[in-house]
**Q** 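Provided herewith is a single structure, encoded as structure tokens, for subsequent inquiry.
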Amino acid sequence: MTESSARSIVLQPLEISPARMESLCSRLNDLAQGIGVEMSCAQVAACIEHLLYVDQINSYINLTRITDLEDALTLHILDSLTLIPFLAVEQFSFVDMGTGAGFPGVPLGIITGQHGVLLDSVGKKVKAVNAIIGQLGLSNLTAVHDRLETFAQSHRAEADVVVARALAQLPILLEYAAPLLQRGGQLLVSKGNPDEDEVERGRKAARLCGFEMYDVHSIDLPGGYGHREIYDFRLLHKPSVKLPRADGMARKQPLA
């Protein structure tokens with residue numbers, strides 16, 4: 001693929017039979033009900049179409065390593081939806097840190113209808129996600145190409161909720177999220193099986209960044225697809241360190 005063609009994403013009509021679409025929608029609806037998330041037929045279809053467009057674009061831009069649609073139903077869409085039962089408020093604006101192919105931001109935007117910014121530092125992924133949300137008519141969502149530290153400088157304390165999935169260790173995510181959130185805001189982080197050292201360092205970083213750990217929710221994805229720990233933090237205090245720090249410092253020199 002040439003550099004010039006990489007700058008534009010042209011979505012082709014989805015090639016899927018009505019029977020296959022119905023099967024995927026039925027499967028996703030059953031999975032969502034299993035975690036207590038109710039979805040309309042239109043919402044289910046939009047989530048499936050998002051996934052199908054990701055699969056289409058993935059043929060020439062690497063958006064995800066998960067290429068089997070049945071696997072992706074659980075590992076992308078359902079995994080994103082697991083955050084919904086733990087949202088603390090019904091009306092909110094959110095930031096998806098490191099959205100990649102649009103997970104969890106696009107499913108969250110589809111189901112909740114709330115306004116969200118889907119951040120990623122990889123420009124081609126942002127272009128792909130913006131093409132998809134435009135095709136799906138999701139005017140409540142915008143994908144933005146920026147580093148988290150830089151974005152926080154000009155959008156300080158604008159979000160009510162920040163979400164992250166499979167992005168970085170807890171101390172790093174807490175540092176990224178703190179300047180983005182309003183006081184009282186919520187950070188939801190989905191992790192696999194973090195070791196005790198990461199969790200303890202997360203607790204230390206939380207205190208430095210002004211967070212308190214509100215709860216930890218344990219979920220086993222159906223079909224043997226793995227375990228999730230969803231960490232629920234609330235920004236209740238002023239950080240004791242100046243945030244955001246310079247680009248790259250959170251990863252190079254974590255607070256804990």
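Residue indices begin at 1 and follow the sequence shown.
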**Q** Taking the six-membered ring for Trp, are His115 and Phe94 closer than 6.0 Å centroid to centroid?
**A**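 When the ring centroids of His115 and Phe94 are compared, they turn out to be at least 6.0 Å apart.
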**Q** Considering non-hydrogen atoms only, spot the tightest contact between Gly202 and Leu174 and give its length.
**A**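 Taking every non-hydrogen atom into account, O-CD1, 3.2 Å.
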**Q** Decide if atom CD of Glu200 counts as having more than 12 heavy atoms of other residues, nucleotides or ligands within a radius under 6.0 Å.
**A**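 Count over threshold, so yes.
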**Q** Are the side chain of Gln114 and the backbone N or O of Gly109 linked by a donor-acceptor pair below 3.5 Å?
**A**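 A pair under 3.5 Å: no.
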**Q** Below 4.5 Å, heavy atoms only, C-beta onward: do Arg203 and Met213 meet side chain to side chain?
**A**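 The answer is yes; the side chains approach within 4.5 Å.
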**Q** Give a yes or no on whether Ile132 and Ile111 share a hydrophobic cluster (residues Ile, Leu, Val, Met, Phe, Trp, Tyr; joining criterion: side-chain heavy atoms under 4.5 Å apart).
**A**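 As far as the 4.5 Å side-chain criterion goes, Ile111 and Ile132 are connected within one cluster.
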**Q** Nearest 0.5 Å please: distance from the CG atom of Leu188 over to the CG atom of Asp215.
**A**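 Going from CG on Leu188 over to CG on Asp215, the span is 10.5 Å.
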**Q** Would you say that Val129 contacts Val54 through its side chain, given a criterion of any heavy-atom pair below 4.5 Å between the two side chains?
**A**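 No, their side chains stay 4.5 Å or more apart.
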**Q** Any salt bridge between Lys191 and Glu198, counting N to O under 4.0 Å?
**A**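 The answer is yes: the pair qualifies as a salt bridge.
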**Q** Is there a chain of hydrophobic side chains (I, L, V, M, F, W, Y, each step under 4.5 Å between heavy atoms) that links Leu81 to Val89?
**A**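 Leu81 clusters together with Val89.
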**Q** Are any side-chain N or O atoms of Ser80 and backbone N or O atoms of His76, one a donor and one an acceptor, separated by less than 3.5 Å?
**A**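 Pair found, side chain donor or acceptor close to backbone of His76.
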**Q** Same cluster or not: are Leu87 and Leu180 linked, directly or through other Ile, Leu, Val, Met, Phe, Trp or Tyr residues, by side-chain heavy atoms under 4.5 angstrom apart?
**A**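 No, because Leu87 and Leu180 fall into different hydrophobic clusters, even though each may have its own neighbours under 4.5 Å.
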**Q** Using modelled atom types only, decide if a donor and an acceptor are shared between the side chain of His217 and the backbone of Arg228 within a distance under 3.5 Å.
**A**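 Answer holds: no.
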**Q** Distance-only, no hydrogens or angles: does the Thr112 side chain make a donor-acceptor pair with backbone N or O of Leu108 under 3.5 Å?
**A**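 Yes; judged by distance alone, with no hydrogens or angles, the pair exists.
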**Q** Decide side chain to side chain contact (heavy atoms under 4.5 Å, CB included) for Leu24 and Ile16; before the verdict, give the C-alpha distance in whole Å, the side-chain angles of both, and the deciding distance to 0.1 Å.
**A** CA-CA 10 Å; Leu24 290 171; Ile16 183 169; 3.8 Å; yes
**Q** So, for Ile133 and Ala143, which heavy atoms are closest and what is the spacing to 0.1 Å?
**A**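 Looking at all heavy atoms of both residues, the closest pair is CD1-N, 3.9 Å.
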**Q** Determine whether Gln186 and Val162 satisfy the following criterion, side chain to side chain contact (heavy atoms under 4.5 Å, CB included), listing intermediate values before the conclusion.
**A** CA-CA 6 Å; Gln186 180 182 31; Val162 171; over 6 Å; no
**Q** Can you tell me how far apart CE (Met97) and CZ (Phe151) are? Round to the nearest 0.5 Å.
**A**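 The CE atom of Met97 sits 12.0 Å away from the CZ atom of Phe151.
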**Q** Under a 3.5 Å distance rule, please check whether Thr74 uses its side chain to pair with a backbone N or O of Asp71 as donor and acceptor.
**A**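 Absent.
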**Q** Write down the atom of Ala152, the atom of Pro244, and the distance for their closest heavy-atom approach.
**A**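 It is CB-CG, 4.0 Å.
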**Q** Hey, what do you get for CG (Leu14) to CG (Leu52), rounding to the nearest 0.5 Å?
**A**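 Answer for the CG-CG pair, Leu14 versus Leu52, is 5.5 Å.
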**Q** Measure the shortest side-chain to side-chain distance between Leu181 and Asp160 over non-hydrogen atoms and say whether it is less than 4.5 angstrom.
**A**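 No, every pair of side-chain atoms sits at 4.5 Å or beyond.
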**Q** Is it the case that Tyr225 and Asp79 place a side-chain donor and acceptor less than 3.5 Å from each other?
**A**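 Checked: Tyr225/Asp79 side chains show no N/O donor-acceptor pair below 3.5 Å.
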**Q** I'd like to know if Arg245 pairs up with Glu175 as an ion pair, taking the criterion as any Lys NZ or Arg NE/NH1/NH2 lying under 4.0 Å from an Asp or Glu carboxylate oxygen.
**A**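 So Arg245 pairs with Glu175 through a salt bridge.
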**Q** Is there a side-chain contact between Leu118 and Val144 (heavy atoms, below 4.5 Å)?
**A**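 Not touching, per the 4.5 Å side-chain cut-off.
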**Q** Leu255 and Lys204: side chain to side chain contact (heavy atoms under 4.5 Å, CB included), yes or no, with the steps?
**A** CA-CA 8 Å; Leu255 294 174; Lys204 292 178 181 177; over 6 Å; no
**Q** Is it true that Glu70 and Arg20 have a side-chain N and a carboxylate O under 4.0 angstrom from each other?
**A**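 Salt bridge flag = yes for Arg20 with Glu70.
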**Q** In terms of hydrophobic clusters joined by side-chain contacts under 4.5 Å, are Ile35 and Val44 together?
**A**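 Yes, one cluster joins them.
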**Q** Please check: side-chain N/O of Gln43 versus main-chain N/O of Ser40, any donor-acceptor pairing under 3.5 Å?
**A**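 At least one qualifying donor-acceptor pair exists.
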**Q** In Å, rounded to the nearest 0.5 Å, how long is the span from CG of Leu28 to CE of Met39?
**A**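 The CE atom of Met39 is 4.5 Å from CG of Leu28, to the nearest 0.5 Å.
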**Q** State, to 0.1 Å, how close Cys209 and Leu235 come at their nearest heavy-atom pair, and which atoms those are.
**A**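 Minimum heavy-atom contact is O-CD1, 3.3 Å.
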**Q** Could you state the interatomic distance from OG (Ser190) to CG (Leu167), rounded to the nearest 0.5 Å?
**A**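 One finds 11.5 Å between OG of Ser190 and CG of Leu167.
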**Q** Tell me, please, which residues at least two apart from Glu229 pass side-chain hydrogen bond (donor to acceptor under 3.5 Å, both in side chains).
**A**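 In terms of side-chain hydrogen bond (donor to acceptor under 3.5 Å, both in side chains), with neighbours along the sequence ignored, Glu229 is linked to Ser218, His227.
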**Q** Just wondering, more than 12 heavy atoms not from Tyr214 lying within 6.0 Å of its OH?
**A**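 At most 12 heavy atoms, drawn from other residues, nucleotides or ligands, come within 6.0 Å of this atom.
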**Q** When rounded to the nearest 0.5 angstrom, what distance separates CD1 in Ile48 from CD1 in Ile110?
**A**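 Going from CD1 on Ile48 over to CD1 on Ile110, the span is 9.5 Å.
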**Q** I'd like to know whether Arg27 forms a side chain to side chain contact (heavy atoms under 4.5 Å, CB included) with Ser23, so could you lay out the CA-CA distance, the side-chain angles of the two residues, the decisive distance to 0.1 Å, and finally the verdict.
**A** CA-CA 6 Å; Arg27 175 65 176 150; Ser23 175; 5.6 Å; no
**Q** Is Pro222 close to Leu78 at the side-chain level, that is, under 4.5 Å between some pair of heavy atoms?
**A**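 Leu78 reaches Pro222 side chain to side chain.
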**Q** To check you understand the geometry: which heavy-atom pair defines the closest contact between Pro104 and Arg165, and what is its length?
**A**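 In terms of heavy atoms, the two residues are closest at CD-CB, 4.1 Å.
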**Q** Hey, any chance Ile219 and Phe233 share a hydrophobic cluster, counting ILVMFWY side chains that come within less than 4.5 Å of each other, even indirectly?
**A**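 Hydrophobic grouping puts Ile219 apart from Phe233.
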**Q** If we only count heavy atoms from C-beta on, is the His50 to Pro107 side-chain gap below 4.5 Å?
**A**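 A side-chain contact exists here, since the closest heavy-atom pair is under 4.5 Å.
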**Q** Of the non-hydrogen atoms in Arg251 and Ala168, which two are nearest, and what is the gap between them?
**A**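 Looking at all heavy atoms of both residues, the shortest contact is NH2-CB, 3.7 Å.
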**Q** Could you tell me whether the side chain of Asp96 reaches within less than 4.5 Å of the side chain of Phe103, counting heavy atoms only?
**A**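 With C-beta onward as the side chain, the pair stays apart.
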**Q** Got Leu170 and Val189 here, is their nearest side-chain heavy-atom distance under 4.5 Å?
**A**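 Yes, side chains in contact.
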**Q** Test your reading of the model: is there a side-chain donor-acceptor pair from Asn58 to the backbone of Thr64, 3.5 Å cut-off?
**A**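 Pair found, side chain donor or acceptor close to backbone of Thr64.
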**Q** Would you say the side chains of Thr99 and Asp120 form a donor-acceptor pair under 3.5 Å?
**A**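 Looking only at side-chain atoms, Asp120 and Thr99 do not form any donor-acceptor pair under 3.5 Å.
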**Q** Would you tell me whether His145 and Ser121 have side-chain atoms, one donor and one acceptor, within less than 3.5 Å of each other?
**A**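 No, because no side-chain N or O of His145 sits under 3.5 Å from a partner of the opposite role on Ser121.
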